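Everything below concerns the one structure shown next.
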Number of protein chains: 2
Amino acid sequence: MSNLSDNEFLTSLRTVLGDELVLTGDRVPEKAISDASQTGRNLPQVYVRPRSVKDISETLKICNVYRRPVVVQGGMTGLSGGANPQKGDVAISMELIAGVEDIDTAAGTMTVLSGTVLEQAQKEAERAGFLLPIDLGARGSCHIGGNLATNAGGIRVITHGMARDNVLGLEVVLADGTVISSLNHMLKNNTGYDLKQLFIGSEGTLGIITRAVVKLKPLPSVQATALCGLNSYDNVVSLLRHAKRSLSGLSAFEVMWEPFFRFSRQGEGHNFFEVDYSFTVIVEQSGESTDLEAFLESMFEEGLISDALIAQSEMQREAFWKVREGRALRALTDRLSFDISLPIRVLDVYVQEVSATLVTAFPGVHISVFGHVADNNIHLYVSTGNDDPSTKERVTTIVYERVRQHRGSISAEHGIGLLKRDYLSYSRNADELELMRLIKKTLDPNQILNPGKVI
Amino acid sequence: MSNLSDNEFLTSLRTVLGDELVLTGDRVPEKAISDASQTGRNLPQVYVRPRSVKDISETLKICNVYRRPVVVQGGMTGLSGGANPQKGDVAISMELIAGVEDIDTAAGTMTVLSGTVLEQAQKEAERAGFLLPIDLGARGSCHIGGNLATNAGGIRVITHGMARDNVLGLEVVLADGTVISSLNHMLKNNTGYDLKQLFIGSEGTLGIITRAVVKLKPLPSVQATALCGLNSYDNVVSLLRHAKRSLSGLSAFEVMWEPFFRFSRQGEGHNFFEVDYSFTVIVEQSGESTDLEAFLESMFEEGLISDALIAQSEMQREAFWKVREGRALRALTDRLSFDISLPIRVLDVYVQEVSATLVTAFPGVHISVFGHVADNNIHLYVSTGNDDPSTKERVTTIVYERVRQHRGSISAEHGIGLLKRDYLSYSRNADELELMRLIKKTLDPNQILNPGKVI
């Protein structure tokens, strides 16, 4: 890459976007260096801030001609390094491509630009009397475009599915700058291939999502939240089965294994129960009315739950959720976090097996587990007190090897990005990977879109 | 295509499959000639009946080498000609690739071969205590593989989404015979591109679906069904909004416009109400308990419904549904049927506009309309008394032109197949079509998979 072509390339970008939107060197903001995984930490060669979809199209045209690698950056809240720049990357910031363009109250749809912060879109939906079903902890910073590019999960998957399930239409810019407008508003539309599915969850490797039409749902008028103590994993699975059958509007079922709950509640300064149960579960119901208390009483009588608290105020509800968010775990600065999916019946077997192996390999290791058990998904935090690369690799291999044996997924909702790329074959076979590469090559023949990520 | 290569090709197929599974001429069964649209009616050049996925893989390898076009045939219940053979086609019957292989009661999943008749899969799910959420009128004949290849809709979309939304994993044979096993069992699995989405709804043009892992749901213990008379479309939309908010387990909301209801109920010999209302709606609730009667009373008090009957027996429930199935319409042998999607607020405006235009063009025309209004989807039947091709084309253009103006879809749930291919551009733009063609070319470079269909 000669200086001459560098200069030509930068001049082309500046001609199209204007000087103030094409930044290099120490004008590149700190946040562009790494996502929430805080790995990698490379400065992109160029940082551009397009103001429109047309700007993005022009930027990609130039990058494609000059064969410059491109990484798209939203709220930088990812945990897999998918938005981290590699050396030489052009980082495209989506923050100026923001705003809710339309809410159709009759159809229950929202058209939104992809740089919109999720919480802002949620609030605009609420003002119009609707719930935006996509929700996750990073809502105050993450962009809705990033949620779609990674097919984000979160706490509402139990009711509304993954991000993918809430998208009706997309607008995408391809590697050569072509803008594909597939902004369908229909719930049912079987007219040819469902192109949007290719881009959702592809982490910026096939195209840049610029606009979306998402589904809205009725805003629930009542919300009831309980914290329940249980003595066995069998009881957790039975409680879930009963809740799915009997609780209309079950909107969360979050399970905390004992070490996670104890560590986190101590960090928040709460006791909640007189003892710590093997499993503590947040059960939440959202809808027109609630029968959560009667439901929990019947579960108590059946011996499935040992104790339960129903939140009596919004403050108490938030206290339950703060323990589940596990902020105390941040004190373990060397912790590795994992996001895995396994059949529900083996989730706890898996936790026990991995814990035993890790304790043997790393005496004194801290292992915390919580999860969206209804969605087959748990998150593990492992802290050995030692953050050298070889320890990290040994821990990661132990965690993923057992996932492979149980035919699970090494990424339930966080995506592959950079950090899990080398482990992708643990969850997808060689033929699948080959087909992914073929699709990548077809849509991005010059390999400029987020190269080295995912596959 | 010389006789020599014909002979070589047939010999290759017979060597792999055995003589009795490779049929030509008058040994080809009548059902292979056309789907339920009864259009086309070509004899395939060869009709093969593979017994295994390996047989399908070998068949495709040979067809790919000899460049022979292939059409996959399931239950032949499609309405768009997607499974109709073109001259020279090799028709692959899926009927021997049948059976439910596994039901995982803990996870709530079923692994099923794609030639399985839908109703059989539904019954096996029920025996295990589950509901298979995919359901449509043709359940007794259609294959589950065909339901997935066309992304079928039906009456349960309001609760469980389209066929696509109920698939966790797929096994697919590609044009060159490669078997892609993407039999994921996880609800959440963000490991690379979601390849199955490409094949679902692609109508056999990108690969042959051979196995699937589908989601199962709890079997409802109570079902309540009502027939409601309403005086305006505004009332229909209001009733739907209330039902979605207040009726937990709303499992059907089927709207019949007056001419459809009258024609169909007369055919079945029923009156139901003393007058025929502008709109008659079937409201069904499925779950653990029912409050449908109280709900309808409150809707009556609000003036949204003018009359209602709640089914007092399974026989009465079936009587409601038989009217909705509209068997009387079969008497109109020249009828054209359409399956369109439009924003819910314009559905009735559209019906009025199209009816006015059709009545002007064809005095005495019969127009019947019913639909899954909650899913934005209506079906129109038009009978002019004249079935010459130019009349059909004029009617079709009138119906679709208005869909285009309202930015709707010319196929909500029936797919494109052969019959709607030339109208695809009414609902998808040139860039989308170009991207579809690129994907088609990549996955099927010799264009052997259902050529001439969809795009």
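Every chain is numbered from 1 and lettered A, B, ... according to where its sequence line falls, protein lines coming before strand lines. Fair warning: this is a prediction, and the values are worked out from it, not measured in the lab.
At a 4.5 Å heavy-atom cutoff, the contact between Met162(A) and chain B is made by side-chain atoms alone. Only the side chain of Asn429(B) has a heavy atom closer than 4.5 Å to any heavy atom of chain A. Interface residue Phe199(B): only side-chain heavy atoms are found under 4.5 Å from chain A. Of the two parts of Leu195(A), the backbone and the side chain both hold a non-hydrogen atom closer than 4.5 Å to a non-hydrogen atom of chain B. Of the atoms belonging to Thr442(B), heavy atoms from both backbone and side chain fall under 4.5 Å from chain A. Looking at Ser202(A), the atoms closer than 4.5 Å to chain B (heavy atoms on both sides) sit in the backbone and in the side chain alike. Using a 4.5 Å cut-off between heavy atoms, Asn151(A) contacts chain B through both its backbone and its side chain. With a 4.5 angstrom heavy-atom cutoff, Ile455(A) touches chain B only via side-chain atoms. The part of Leu443(B) that comes within reach of chain A is its side chain, from C-beta onward, which places non-hydrogen atoms under 4.5 angstrom from that chain. Heavy atoms closer than 4.5 Å to chain A are found in both the backbone and the side chain of Ile410(B). Of the atoms belonging to Arg428(A), it is side-chain heavy atoms, and not backbone ones, that fall under 4.5 Å from chain B. In this structure, the portions of Asn189(B) lying under 4.5 Å from any heavy atom of chain A include both its backbone and its side chain. If you measure heavy-atom distances from Ser80(A) to chain B, you find no contacts under 4.5 Å at all.
Between the Arg164(A) side chain and the Asp194(B) main chain, no donor and acceptor come within less than 3.5 Å of each other.
A salt bridge links Asp104(B) to Arg345(A): at least one charged side-chain nitrogen sits closer than 4.0 Å to a carboxylate oxygen.
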Exercise for the section: Could you go through the side-chain contact (heavy atoms from CB on, under 4.5 Å) check for Ser411(B) and Thr191(A) one step at a time? Expected result: CA-CA 6 Å; Ser411(B) 181; Thr191(A) 50; 4.0 Å; yes

Practice task
Let me see the working for Leu198(B) and Ile439(A) under side-chain contact (heavy atoms from CB on, under 4.5 Å), right down to the final yes or no.
Solution key: CA-CA 11 Å; Leu198(B) 265 178; Ile439(A) 290 165; 3.5 Å; yes

Practice task
I would like to know whether Val157(B) and Leu187(A) meet side-chain contact (heavy atoms from CB on, under 4.5 Å); could you show each step before the answer?
Solution key: CA-CA 9 Å; Val157(B) 174; Leu187(A) 291 172; over 6 Å; no

Handout entry: Glu288(B)/Ser246(A) under side chain to side chain donor-acceptor pair (under 3.5 Å): CA gap, chis, key distance, verdict
Key = CA-CA 6 Å; Glu288(B) 288 301 283; Ser246(A) 307; 4.6 Å; no

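Among all heavy-atom pairs drawn from Asn190(B) and Ile416(A), the shortest one is O-CG1, 3.7 Å. Of all the heavy atoms in Tyr193(A) and Met436(B), the pair that sits closest is CE1-O, 3.5 Å. Scanning both residues, Asp431(A) and Val179(B), for their nearest heavy atoms gives OD2-O, 3.4 Å.
Atom CG of residue Asn376(B) and atom NZ of residue Lys188(A) lie 9.0 Å apart, to the nearest 0.5 angstrom. Between the NE2 atom in His406(A) and the NE2 atom in His185(B) there is a gap of 15.0 Å [rounded to 0.5 Å]. Note that the OG atom of Ser409(B) and the CE atom of Met186(A) stand 7.5 Å from one another [nearest 0.5 Å].
By number of non-hydrogen pairs under 4.5 angstrom with chain A, the leading residue of Ala430(B), Ser248(B), Ser181(B) is Ser181(B). Listed options Leu438(B), Asp339(B), Ile340(B) were ranked by heavy-atom pairs under 4.5 angstrom with chain A; first place goes to Leu438(B). Among Ser182(B), Gly287(B), Ala106(B), the residue with the largest count of heavy-atom pairs under 4.5 Å with chain A is Ser182(B).
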